[in-house]
Amino acid sequence: MEKPEIVIANLGYPRIGEQLEGKKALEAYRAGAIGERELEERLGAVRIAGLLKQQEAGVDRIPVGDFALYDHVLDHSIAFGLVPERFAEAAARGPAALAFAMAEGAPGAAACRKKSWYGTPYQYIVPELAASAAPRLVRNPWAEAFREARAHLKKPPVPAMIGPYTFAKLAEGLPPEETLERIAPVYAEALRGLGQAGADWVQLEEPELARAVPQRHWPLIERVYQALREAAPQLRLMLQLTFGVPDDCARLFKLPAAGFGLDFAADGGRALAAVAKHGFPPGRVLGAGIVDGRSIWRSDLTAACALLEDLRRLFPQVRLALQPSCSLLHAPVAPRRAQAPRGLPRHALAFADEKLGELRVLRTALTEGRDAV
């Protein structure tokens, strides 16, 4: 029997631009040198350039909605109408003014708290939910990003969102169970909008499901995901379990998702042991996070290839998606000449573009044999 096709997927791409164009645009806006319109034009150019570079790199599933003005968690809060009242004046001035005010503060309005994103240097803006919070879908930036990218790409892109359970755990102000109950209908509406826009796959990043989930949370998680499945039955959900290995694979794999992405890059072999022990559900896609998205070092491709060969022996008919272990936003786009560390061999480094190249090499080795590379 012929083995299933192997695809290359990405979980997220750097936002700063290859020559720091995005960073420079944000600094110019912060200094008052440009307005919101020019800021969006400059960031839009960086966003489209990133999409095209991923297409040229051979990525089959290119994420959209991962690009953010300031922070992707903050984008979710704003899209869900979770803007504290103290930022009303900033909100009236426009989206960029609101994002900067929530992230950095404004006269009479203290900034929202920041926290480290799962042990990385990246700082996210903590969502705030008051007791009276009533989340609603103010806008659907993921559908907007899908439509924009669809006009530039040969294949349909994959909208990327933070999963509902993880968002509920990141938020402050209410117990996570109550937050999840309140935001679940908003996620359902957002997914319906993505289905109407023509999306086929949707990526939900759920690092909190890659941890020890309290048993009392599982019934609610299962109800929420069943409701999401029913809200947009034509969408295929890909759950990305980043920054850890699921504690309860058996229960996780029963969720109504079309695929599950696991971190095989920096887990000490725990992910391989978990799927070897629990198996992997037939008919689902296994996202093999085989390239470390948090590191700037090149991968050991021989070891990575051996692990993937083990996966294929264990599950010869499971469809594989080769991918980074997490979003590549934690790595520079590509090395600039001025960035070469003194005394360090250039070939020791692998930034975002090179990590995508590593995935391409691994696919060739799996499909054509190691001698092909």
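Being a predicted model, the structure only gives us computed values, none of them experimental.
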P176 meets the side chain to side chain contact (heavy atoms under 4.5 Å, CB included) criterion, sequence neighbours left out, with K169, H217

Contacts of Y124 that satisfy ring pair (Phe, Tyr, Trp, His ring centres under 6.0 Å) - sequence neighbours left out
W117

Can you list everything that forms a side chain to side chain contact (heavy atoms under 4.5 Å, CB included) with E309? Sequence neighbours excluded, please.
C305, R313, L366, R370

Partner residues of A49 under the side chain to side chain contact (heavy atoms under 4.5 Å, CB included) criterion, sequence neighbours left out:
none

Quick one: ring pair (Phe, Tyr, Trp, His ring centres under 6.0 Å) partners of Y187, sequence neighbours excluded?
F80

State which residues pass side chain to side chain donor-acceptor pair (under 3.5 Å) with K254; sequence neighbours excluded, sorted by chain then number.
none

Name all residues meeting the side chain to side chain donor-acceptor pair (under 3.5 Å) criterion together with S299; count only those two or more places apart in sequence or in a different chain, and write none if there are none.
E358

Counterpart residues, side chain to side chain donor-acceptor pair (under 3.5 Å), relative to R86 (two or more places apart):
E128

Go through the structure and list residues passing side chain to side chain contact (heavy atoms under 4.5 Å, CB included) with E178, not counting sequence neighbours.
L174, P175, R182

Test ring pair (Phe, Tyr, Trp, His ring centres under 6.0 Å) applied to Y70 - qualifying residues, sequence neighbours left out
F100

So, using ring pair (Phe, Tyr, Trp, His ring centres under 6.0 Å) as the criterion, who are the partners of Y13 when residues are at least two apart?
none

Set of side chain to side chain donor-acceptor pair (under 3.5 Å) partners for Q215, sequence neighbours left out
R251

